[in-house]
Amino acid sequence: MSKLQALIFDVDGTLAETERDGHRIAFNQAFADAGLDWNWDVPTYGRLLAITGGKERLLHYWLSIDAEAAARPDAAGQLAEWHRRKTAHYVRLVADGGIALRPGVARLLHEARDAGLRLAIATTTTPDNVEALLHATLGASGMAMFECIGAGDAVPRKKPDPGIYTWVLERMNLRPEQCVAFEDSTNGLRAALGAGLQTVVTTGTYTADETFCGALARLDGLGEPQAPAHGHVGQQVWSGCVDLNTLRTWARLAPARVPQA
Ligand code: XBP
Ligand code: MG
């Protein structure tokens, strides 16, 4: 492992638990706006999260309940409008303080920045959502903490495709072995591993039962001094606070990853 230069964070489920009480609510509000009788309850949305990207998830659902309507020439425009409304609802919900960072995230971000490490984001979500979350949780300087924000349609294919991580590495002129990625889902882990990145997984509301082969560590969070995280590093049981020294130790112990074609 080269000297650790940068941390690359996923957003939804990793920086904050945004899906169940954020995106899901916003989708349902957009459906109500459109006069649709669709309502994604918690289990349904959990199943739909297998499809990354809100527009892609919406199309997948529409095709599953009314393939003929979803195939009409005007369907793409209709879907874009529904998703635009959803994003507006989500941004408002986040701006109103509806979503907090997960434990340990702000602590690690500030430690990394104070130590001169570079920070980046690699997410499937819409850029407006990232800006709203960083502003609401880290204040006016939240966005500026991240040198590079790779989000949404910046790349043609979403996670588990590694494209968004490769996009970030290229823009930061970094090699994967100089970085550690943070993810919450199997799709996200596959994307980060596909880009050759050592990856720490912090499971969340919807991903606690997923399997995470190849993760540097699989934890229930990043931990705080008074509330340590628990999980596994390789096969070893581990609990504590994830800080820069922890990451450097783990990354040195792990085999270098080769980007998967
Ligand atoms: C999670 C996603 C996103 C969000 C919804 O992104 O797949 O699609 O669920 O956001 P990540 P949009 O875990 O990579 O941060 O509706 O803006 O896509
Ligand atoms: Mg995620």
Just by modelled atom types, is the Thr166 backbone N or O under 3.5 Å from a matching donor or acceptor in the Arg171 side chain? no
Sidechain-backbone polar pair: Thr199 side chain, Ala181 backbone, donor-acceptor under 3.5 Å: no
Sorted by chain and residue number, the salt bridge (Lys or Arg N to Asp or Glu O under 4.0 Å) partners of Arg47 (sequence neighbours excluded) come out as none
Go through the steps for Leu247 and Leu7 under the test side-chain contact (heavy atoms from CB on, under 4.5 Å), then give the verdict. CA-CA 10 Å; Leu247 293 173; Leu7 305 183; 3.9 Å; yes
Got Val200 and Val180 here, is their nearest side-chain heavy-atom distance under 4.5 Å? yes
In this structure, NE2 of His232 is separated from CD of Gln236 (nearest 0.5 Å) by 8.5 Å
What's the separation between atom CG in Asn39 and atom OG1 in Thr44, rounded to the nearest 0.5 Å? 8.5 Å
Of all heavy-atom pairs linking Arg102 and Thr203, the shortest is NH2-O, 2.8 Å
Just wondering, do Trp62 and Leu58 contact through their side chains at under 4.5 Å, heavy atoms? no
Any side-chain heavy atom of Leu117 within less than 4.5 Å of one from Gln5? no
Taken to the nearest 0.5 Å, the spacing of Asp12 CG from Thr207 OG1 works out to 11.5 Å
May I ask you to say whether Glu19 pairs ionically with Arg24, meaning some side-chain N is under 4.0 Å from a carboxylate O? no
Could you measure the distance from the CG atom of Leu134 to the CZ atom of Phe9? Nearest 0.5 Å is fine. 11.0 Å
For the backbone of Ile51 and the side chain of Arg57, can you confirm whether one donor and one acceptor N or O come within less than 3.5 Å of each other? yes
Under the side-chain hydrogen bond (donor to acceptor under 3.5 Å, both in side chains) rule, what do His89 and Asp33 come out as? Steps first, then yes or no, please. CA-CA 10 Å; His89 282 299; Asp33 289 350; 2.5 Å; yes
Report yes if some heavy atom in the side chain of His135 is under 4.5 Å from a heavy atom in the side chain of Met143; otherwise report no. no
Got a second to check how far Glu17's CD is from Thr205's OG1, nearest 0.5 Å? 3.0 Å
Please work out which of the three classes, parallel, tilted or perpendicular, describes the rings of Phe27 and Trp40, given edges at 30° and 60°. tilted
Where Gly231 and Leu219 come nearest, the two heavy atoms and their spacing: CA-CD2, 3.9 Å
Between atom OH of Tyr45 and atom CG of Asp21, what is the distance when rounded to the nearest 0.5 Å? 11.0 Å
If a pair satisfies salt bridge (Lys or Arg N to Asp or Glu O under 4.0 Å) and one of its residues is in residues 207-221, list it, with sequence neighbours excluded. none
Student check: side-chain heavy atoms of Gln78 and Arg72 closer than 4.5 Å: no
Could you tell me whether the side chain of Phe182 reaches within less than 4.5 Å of the side chain of Leu222, counting heavy atoms only? yes
Give me each pair satisfying ring-ring contact (aromatic ring centres under 6.0 Å, His included) with a member in residues 188-229, each pair once, sequence neighbours excluded. none
Quick check: do Leu15 and Ile121 have side-chain heavy atoms less than 4.5 Å from each other? yes
Should side-chain heavy atoms under 4.5 Å link Ile, Leu, Val, Met, Phe, Trp and Tyr, which residues sit in the same cluster as Met172? Ile8, Val155, Ile164, Tyr165, Trp167, Val168, Leu169, Leu174, Leu197
Taking Phe146's backbone N and O only, do any of them form a donor-acceptor pair with Arg113's side chain (distance below 3.5 Å, no angle check)? no
Using the salt bridge (Lys or Arg N to Asp or Glu O under 4.0 Å) rule, collect all pairs that involve residues 115-132, keeping only residues at least two apart or in two chains. Arg118-Glu147
For Thr52, give me all partners under side-chain contact (heavy atoms from CB on, under 4.5 Å), at least two apart in sequence or on another chain. Thr124, Lys158, Lys159, Asn187
Can you tell me if CG on Asp74 sees more than 12 non-hydrogen neighbours from other groups inside 6.0 Å? yes
Inspect the contact between Asp153 and Lys55 and indicate whether a charged nitrogen and a carboxylate oxygen are less than 4.0 angstrom apart. yes
Please name the pair of heavy atoms, one in His60 and one in Leu48, separated by the smallest distance, quoted to 0.1 Å. CD2-CD2, 3.8 Å
Could you pull out the closest heavy-atom pair between Ala69 and Ala75, with the gap in Å? O-CB, 3.7 Å
Treating His110 as the side-chain partner and Ala106 as the backbone partner, does any N or O pair qualify as donor plus acceptor under 3.5 Å? yes
How close do Gly13 and Thr18 get, heavy atom to heavy atom, and via which atoms? N-OG1, 3.9 Å
Heavy-atom closest contact (Pro176 atom, Ala195 atom, distance): CG-O, 3.4 Å
Is the closest side-chain heavy-atom distance between Asn245 and Arg248 below 4.5 Å? yes
Expected output: side-chain Arg190 to main-chain Pro162 donor-acceptor under 3.5 Å: no
